Every structure is written in C-alpha cells, then in structure tokens.
Protein chains: 2
Amino acid sequence: MTVWDRPEPPARPLPLDRKRIVAAAVALADEGGLEAVSLRKVAARLDAGPMRLYRYISTKEELFDLMVDEVQAEILPAEPPGDWREALRGLAHGTRRAALRHEWLADLLGGRPTLGPNGLAVAEATLAALDGLADIDTALRAVETVSSYYIGAIRREIARLRAERATGLNEREWQRAFGPYVTKLLATGRFPALARMVHDGTHVTPETSFTTGLEWVLDAVAARFDRP
Amino acid sequence: MTVWDRPEPPARPLPLDRKRIVAAAVALADEGGLEAVSLRKVAARLDAGPMRLYRYISTKEELFDLMVDEVQAEILPAEPPGDWREALRGLAHGTRRAALRHEWLADLLGGRPTLGPNGLAVAEATLAALDGLADIDTALRAVETVSSYYIGAIRREIARLRAERATGLNEREWQRAFGPYVTKLLATGRFPALARMVHDGTHVTPETSFTTGLEWVLDAVAARFDRP
DNA sequence: ACCGTTGCGATACACCGTATCGACCAATAC
DNA sequence: GTATTGGTCGATACGGTGTATCGCAACGGT
C-alpha cells in the first residue's frame, strides 16, 4: 500500500485555550452583536463541538466575563498619565472608544463585577492615580462616581446609536424625525418641556455630550479634593 | 340529550390586553429575573398559547420595552417637587428604588431609548423642573449627566448585590472575603492601590455610596446653573 | 499484555422565539 | 336558510439554544 493510498492521519483538532475561544467569541460579537455569540457558533469557528468549550468555561456567562476582560486590556493607558484628572478622563474615553469598537460591550458594562486580571489592572491604574490626593474613602467615592457616569453615558449613547441605525440612518434628523409616534405625542401638548427641548435644542455630537458631562463630574470630584 | 350529557361550551379564554400581558411578564421577572420571562411562560400564566401574544406585541424586545415603561410609572413623583435639585434627586432615588423592587430593571436600564408614555412623562417631569434655570442646551446636558450617573450607579449596585448573593450572602465581609481568587491576586503585590483600598476602605452602605455620588453630580450641575 | 480509571466530547434533552398555514368564524350572495 | 367566501387567529412546527449525561477511547499501573 503506497503513501498515496494511505489516508492522512486524522487531523488532530487544533489545541484550544481560553485565548483562542475568547478571540473567536469577540469576533462573532463584533460582527453580529452579543446575540450572535452562541457556544455552538464559537465552537464551530474553532472546528470543535460545543461541549469541547466546557473544559475551559463552565457557563456562557463566564465566556462573557472573559470577553469583557479581554477588551479591558485595550483600555489601559499606554503611558502613565500626568495627573489624576487626565487619568480618569483617559479611562472614561478609553472605555467609550472600546464600546464603539465593540458595541456589545455596552450590553455588558456594569452588568457584573469585573474581577478579571485586566479589570483589576484598570481598577488599580485608576486608584493609583488618585493616591495621596484625598483620604481613601473619598478616592473610592470618586472612582465609583466617575465610573457610574461613563457606564451610564456609554450605554445611553450606544442605545441611541442603535435606535438611529434601526430607524434608518437619520442621524442628523433624529431629534426632529423621532418617528411619527413621538411627534404625535409631542403634538398633544402633554409634554411641553420635552417638545421645546426637541424643537429648540442644538444638535451636539455624542462625543461632545459625553465629554461635557464627564468634565462636569470631574469638576465635582476636583472640588472634593481641593476642600477635603 | 340531557344537560348532564351535554358538555359545557368551551370556556372562552380570558380576553387579553397589553396590560395583563405586561403584568404577567413583570410578575415572572420579579420572581425569577429577566431570563425567567419567556413568551411561553407569560402566555401560560394567561391560559393562552404562545402565539396568542403576537397580536399585542411583535417581538420579545417589545415586551421588555413595555415592562420598562410599566415600572417607570412608579418613578413619577407623587407631588410636584420644590426645586430642580429635589426633582432630579427624587427621580434618581425613585429609579433606584424601582430597580431594587424589580432587579431586572437594572438589566434593561439605558439599554434602549424609553419612548413609552411613562418614559416620556418622566423625561417631561425632569425637563420641566429645569425650566428657565439655564439655556436649553445646558439643561439637556444636565439631565443627560444625571441620568447617566444613576443608570450606571444602579447597574453597578445591582451587579454587586447579585455577586454577593451568589457567593453566599457575605454582605458585610464582601470587601475582605472577595473570594480566594482575588485575595490571592491582591497578595501578589501587583495591585497595591487596590489592595490598600480593600484593606483600609470603610464599608459604606450602597445607598450612602449612591447618594454621595449623586450629590456630587448635582453640585456640578448647580455650578453650571449659577455661572451660566 | 491486560485491565481499571479517567476525562473528553458526541448525543440527547428541554426549552426558546417566532414563521407558517390550516381551521375556524363572520359576513355575504343566492 | 344555506352555501360560499374572506380574513383572522393561534396551534403546530422549525431551527436554534445552553448544557446534563454517559459511552468510549486513551492512558497508566501492575
């Protein structure tokens, strides 16, 4: 029996590790959103059966945790920041940019404590920036407040982005177009303040809105640092 | 054929409406979380087949939208607030209390624009409170900033609550107990600031933490109102 | 060389959201 | 009064999900 007759040995499946699994899941989520991530599809991308993954994770939620931690690596500042304010600002904008690159992140943000290595590294970097500027409790409160702000702001921004995309790319006209339903409701006169806002409010880019609010919050933090 | 032989006419199924459907869904979610809400189970609670619901909603997401709008009715202030600060504060705390009553709300908060009647009413009440205190754009920015803060804060709080519950009700000792994994990581010395925080930080109730951050943000808003 | 043990992953299960389409019912035509 | 038609409703069915179970194959010890 010649070599030509003999079949190749059964191709050993690619060895798996969490890194490859998470990369596949992130790719799927980037392409089709979180709901496109199924254990079967992730496994298929790696030429494996679904149950194969259970050696590395024990639940789908754990996969999500790993995904979040994975992208948190993108958030860590490249160079040590100048002062605390720049550090917090960088963190907030970094998270926002990550969420714009990986929109599914908005669905997960704040949903579970981030105890992965990168999550902890982010927390460490944040707290380190505030070191010595105030007592520990004030610093903690500052981090919580800023994080809460940008988690909420990012969620809202991505939500609006999706809504605009769904109603047909009317990015600029969203405020006025809003869909017939809302315009009708506004016309009833039951929401005068809202109607005025929609009618007279200037359109600002999401980034401007995000930045403005962030600076306000940072101002509030600064006020506590100056007068402890 | 006597009455006794004749079967009763087939019991006409209870008439359905969105209100009853949403109430059933909310009850299910209150009992078992969002993932306990399936169209089949909601329908079963109403003695109906799953497809029956599709006359009232066309997608499961729409049911979630209705649920959110439903609980937003609980948020509207009972009496007109004294000043803008009290209004925003009331809104934030109202939302937080609603999320503690209906934990699944935290999963949905900020996830989609709230265009339902109650959502719009909440927005109207908020904006009305700021009326005339600043130019429209500043007012809008203020509302966005405060909402972003409390959406993020509530999500984080519920996430921690669930994590504590899952690791076994160690509510008080969470900071120190944290699970063997984190303590090990902290022991490596790679996260000094974090370790100090965990070790020396005072334990504050979630409500205190929420309120503190909220007042900071409100201070920031007030600063913009005073000096426009 | 054999056998006991372990651990992997294919099979299978219960359940999901919802597209499809047959059965039913009301209204119309004769 | 009866036959027919039209439209609507919801039972059935489909393709997919996360994961429990357990037969089998590979391995280590005697």
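Note that the coordinates shown come from a computational prediction; the quantities given were computed from them, not determined experimentally.
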Side chain to side chain donor-acceptor pair (under 3.5 Å) against A:Arg18, all qualifying residues, sequence neighbours excluded: none
Under 4.0 Å protein heavy-atom contacts per nucleotide of nucleotides 16-23 of chain C, with B for base, S for backbone only and - for none: BBBBB---
Side chain to side chain donor-acceptor pair (under 3.5 Å) involving A:Thr188 - partner list, sequence neighbours excluded: none
Residue list, side chain to side chain donor-acceptor pair (under 3.5 Å) with B:Glu157, at least two apart or on another chain: B:Arg96
Length of the CZ-C1' vector between B:Arg52 and D:dA11, whole Å: 12 Å
Nucleotide C:dG9, atom P - distance to OH of A:Tyr56 in whole Å: 7 Å
side-chain contact (heavy atoms from CB on, under 4.5 Å) partners for A:Ala29, two or more places apart: A:Val37, A:Met67, A:Trp104
Which residues share a side chain to side chain donor-acceptor pair (under 3.5 Å) with B:Arg112, sequence neighbours left out: B:Glu61, B:Asp65
